[in-house]
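First comes the structure, then the notes that go with it.
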There are 2 protein chains.
Amino acid sequence: MNNDPDPLPSELEVLRSSSMSQVIYKEIEKIILGGTLGPGEKLNEKALAERFGVSRGPVREAFQALHARGLVEMIPNRGAFIQRITKHDAVEIYDVRAGVFGTACRLLAERIDNATLADLNALLARMDAVAAKRDLDAYYPLNIEFHSTIVKSCGNATLASIYFDLVGRLHLFRARGLVHGGGFESSNAEHRAIVEALDDRDPQAAFEAAYTHVQLGKRRVMVSGDGPQSNASTT
Amino acid sequence: MNNDPDPLPSELEVLRSSSMSQVIYKEIEKIILGGTLGPGEKLNEKALAERFGVSRGPVREAFQALHARGLVEMIPNRGAFIQRITKHDAVEIYDVRAGVFGTACRLLAERIDNATLADLNALLARMDAVAAKRDLDAYYPLNIEFHSTIVKSCGNATLASIYFDLVGRLHLFRARGLVHGGGFESSNAEHRAIVEALDDRDPQAAFEAAYTHVQLGKRRVMVSGDGPQSNASTT
DNA sequence: GAATTGCGAATTGTTGACAATCAATATTTT
DNA sequence: AAAATATTGATTGTCAACAATTCGCAATTC
């Protein structure tokens with residue numbers, strides 16, 4: 001009868017109660033990708049359930065979804081652990097990401113409008129500016145926005161979903177490490193090559209430029225640190 | 001005390017009880033991809049639980065995993081339904097699959113050995129043989145094996161997983177329909193172009209051949225039937 | 001002193017029960 | 001009779017409890 005019996009919606013009770021496990025999913029995903037709990041660490045069912053104010057059921061359901069997405073490792077009778085990414089895994093993910101991102105550019109080259117092109121060129125200019133100042137903290141989000149803009153603009157939601165999945169998994173690899181500069185001028189040069197191919201509406205060239213860019217980004221990350229403790233933004 | 005109290009292990013009690021939900025996952029996946037229960041149909045928790053002899057918990061966990069993989073649609077307070085794939089969705093999936101399969105060929109071109117090449121050439125010959133006889137039932141599994149061999153040989157398990165995921169989702173689109181012949185001579189010609197590029201160890205050419213092949217396969221499927229009631233094997 | 005064995009606590013896997021929601025039918029009203 | 005409304009049945013969402021397994025630590029053994 002009365003509207004909103006709960007005085008404080010508290011962000012967790014806003015959504016329908018039915019999608020509770022999906023809310024928990026998003027929350028745990030935040031914990032994992034936020035890096036507050038490194039790879040290999042255990043996810044305690046009871047602790048998480050109490051933290052979110054629910055029972056263990058929804059938490060377990062979220063675990064299964066996270067496992068299917070490759071963010072969580074399930075060991076029988078042991079529980080859920082944040083997925084451990086080996087260097088070999090990271091190489092694999094980078095290679096797939098190169099192909100997926102290249103495909104995004106290829107598709108985008110066939111449909112890009114001038115507004116999107118202007119956005120990308122603006123990002124290029126801003127990245128050049130911060131690169132000249134060696135401001136890596138400013139470069140990082142711009143770099144992400146550049147790639148995201150392309151992927152979101154290519155008109156393929158399935159591709160975008162897979163792409164961001166891969167990016168998330170890579171976050172596990174380079175979780176919470178220092179950033180290695182060096183080579184983000186060349187990184188932006190590669191960005192410019194991509195935009196030029198898009199401007200030419202040349203799908204093959206766009207793919208090649210994008211694929212090569214990610215591959216070079218992989219090398220930049222791999223040479224900087226062998227273990228999963230290096231963060232690199234110049235991809 | 002006595003070993004194996006259950007007279008019939010029945011394939012469901014063989015594995016550890018802990019991975020029960022994952023066994024249920026595989027079983028429901030079989031139901032979905034097997035086509036005995038078309039897209040949009042409802043998956044009843046209680047009925048499935050009784051069928052597998054477990055409670056609803058593991059079934060719900062399996063639902064979440066299937067949802068994360070894009071095989072099941074979850075509607076709040078309504079339950080789980082086999083994912084409905086629109087024509088637009090199918091186009092998206094085909095485009096991503098083209099890029100992923102192309103990437104597999106690109107990677108394979110850099111590492112293929114003569115044994116794998118011989119396998120692929122043998123498959124080409126067998127496909128030519130059955131294509132000459134217009135034996136579509138024989139062509140279909142060979143075609144699948146050809147693509148699977150490439151994907152499994154490219155040395156990237158992450159890519160393979162994503163690829164087979166996409167193939168599974170496409171199965172939902174063309175579930176339980178008649179097969180449209182026409183164009184599977186050209187399909188095998190495209191296969192041959194892929195193998196030739198692999199033989200040349202030419203990554204770019206391999207990608208282009210593979211990408212084009214899937215794109216043409218998409219067109220062959222799309223022109224044959226607008227709705228989700230057409231099965232096409234010549235991809 | 002090092003390795004092994006044997007508890008006890010904690011955690012996971014599963015279940016059955018209860019509350020909430022939805023679909024479908026029956027009933028009432030206009 | 002048609003539309004709107006109430007009621008019933010079924011299904012989903014959530015929870016708390018129980019069984020089984022694992023982990024940590026102490027006691028024992030070699």
Side-chain angles (χ1 to χ4, degrees), chain A residues 1-6 9-28 31 37 40-68 71-83, chain B residues 1-6 9-28 31 37 40-68 71-83:
Chain A
M1 292 300 177
N2 63 353
N3 44 0
D4 262 46
D6 295 326
S10 84
E11 284 198 38
L12 273 167
E13 295 149 4
V14 178
L15 296 177
R16 302 298 311 275
S17 65
S18 56
S19 55
M20 183 63 84
S21 67
Q22 294 176 35
V23 176
I24 309 291
Y25 171 91
K26 282 290 175 192
E27 288 296 319
I28 301 179
I31 292 176
L37 219 61
E41 284 198 66
K42 185 159 162 49
L43 296 169
N44 187 296
E45 288 182 8
K46 195 180 165 199
L48 285 169
E50 287 174 356
R51 171 169 176 179
F52 298 131
V54 297
S55 106
R56 282 170 49 216
V59 174
R60 287 179 60 86
E61 291 177 12
F63 280 176
Q64 290 297 331
L66 288 161
H67 173 64
L71 289 178
V72 151
E73 189 178 358
M74 302 288 299
I75 301 180
N77 292 316
R78 294 277 314 279
F81 302 79
I82 298 182
Q83 186 74 23
Chain B
M1 294 297 179
N2 62 354
N3 45 358
D4 262 50
D6 296 325
S10 86
E11 286 197 37
L12 273 167
E13 295 149 4
V14 179
L15 296 176
R16 301 299 312 275
S17 64
S18 55
S19 55
M20 183 64 84
S21 67
Q22 294 177 36
V23 177
I24 309 291
Y25 172 90
K26 281 288 175 194
E27 288 296 318
I28 301 179
I31 292 177
L37 219 63
E41 285 198 67
K42 186 163 162 46
L43 295 170
N44 188 297
E45 288 183 7
K46 194 180 165 200
L48 286 169
E50 286 174 356
R51 171 168 175 180
F52 298 131
V54 297
S55 108
R56 282 170 48 217
V59 174
R60 288 180 59 86
E61 291 177 11
F63 281 175
Q64 291 296 332
L66 288 161
H67 172 65
L71 289 178
V72 151
E73 189 177 358
M74 303 289 297
I75 300 179
N77 292 316
R78 294 279 314 280
F81 301 80
I82 298 182
Q83 185 74 31

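Chain A is the first sequence line, chain B the second, and so forth, proteins listed ahead of strands; every chain is numbered from 1.
Rounded to whole Å, the distance from CD on B:Q22 to C1' on C:dG13 is 12 Å. To the nearest angstrom, C1' of D:dT21 lies 14 Å from CD1 of A:I75. The distance between atom CG of A:L48 and atom P of C:dT12, rounded to the nearest whole Å, is 9 Å. Separating the CD atom of A:E45 from the C1' atom of D:dT22 is a distance of 14 Å, rounded to the nearest angstrom. At whole-Å resolution of the value, CG in B:N44 and C1' in D:dG13 are 14 Å apart. If you measure from atom NZ of A:K46 to atom C1' of C:dG13, you get 16 Å, rounded to the nearest angstrom.
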Item to check | Check against side chain to side chain contact (heavy atoms under 4.5 Å, CB included), A:F81 and A:E41 | outcome: CA-CA 5 Å; A:F81 302 79; A:E41 284 198 66; over 6 Å; no
Checklist entry - What do the steps show when you test B:I28 against B:F63 for side chain to side chain contact (heavy atoms under 4.5 Å, CB included), and what is the final call? => result CA-CA 9 Å; B:I28 301 179; B:F63 281 175; 3.7 Å; yes
Next on the checklist: Would B:V72 and B:M74 count as a side chain to side chain contact (heavy atoms under 4.5 Å, CB included) here? Give the steps.
Outcome noted: CA-CA 6 Å; B:V72 151; B:M74 303 289 297; 3.8 Å; yes
Checklist entry - Yes or no on side chain to side chain contact (heavy atoms under 4.5 Å, CB included) for A:K26 and A:I31, after CA distance, side-chain angles and deciding distance? => result CA-CA 9 Å; A:K26 282 290 175 192; A:I31 292 176; over 6 Å; no
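Between B:A68 and A:A65 the shortest heavy-atom distance is CB-O, 3.7 Å.
If you take OG on B:S19 and CG on A:N77, they are separated by 9.0 Å, rounding to the nearest 0.5 Å.
When atom types are taken as modelled, the side chain of A:K42 and the backbone of A:R78 share a donor-acceptor pair closer than 3.5 angstrom. Side-chain atoms of A:H67 do not come within 3.5 Å of backbone N or O of A:E73 as any donor-acceptor pair.
Distances shorter than 4.0 Å separate none of the side-chain N or O atoms of B:N77 from OP1 or OP2 on C:dA20. In this structure, A:R60 reaches the C:dG13 phosphate: one of its side-chain N or O atoms is under 4.0 Å from OP1 or OP2. Taking 4.0 angstrom as the limit, A:K42 places a side-chain polar atom (N or O) nearer than this to OP1 or OP2 of C:dT12.
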Could I get a table of every N or O pair under 3.5 Å where one atom is in the protein and the other is in nucleotides 23-25 of chain D?
residue : atom : partner : partner atom : Å
D:dC23  : OP1  : A:R78   : NE           : 2.7
D:dC23  : OP1  : A:R78   : NH1          : 3.2

Report all interatomic pairs (protein N or O, nucleotide N or O of nucleotides 15-18 of chain D) with separations under 3.5 Å.
residue : atom : partner : partner atom : Å
D:dC15  : OP2  : A:S55   : N            : 2.7

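Residues forming a side chain to side chain donor-acceptor pair (under 3.5 Å) with B:R56 (at least two apart in sequence, or on another chain): B:E45.
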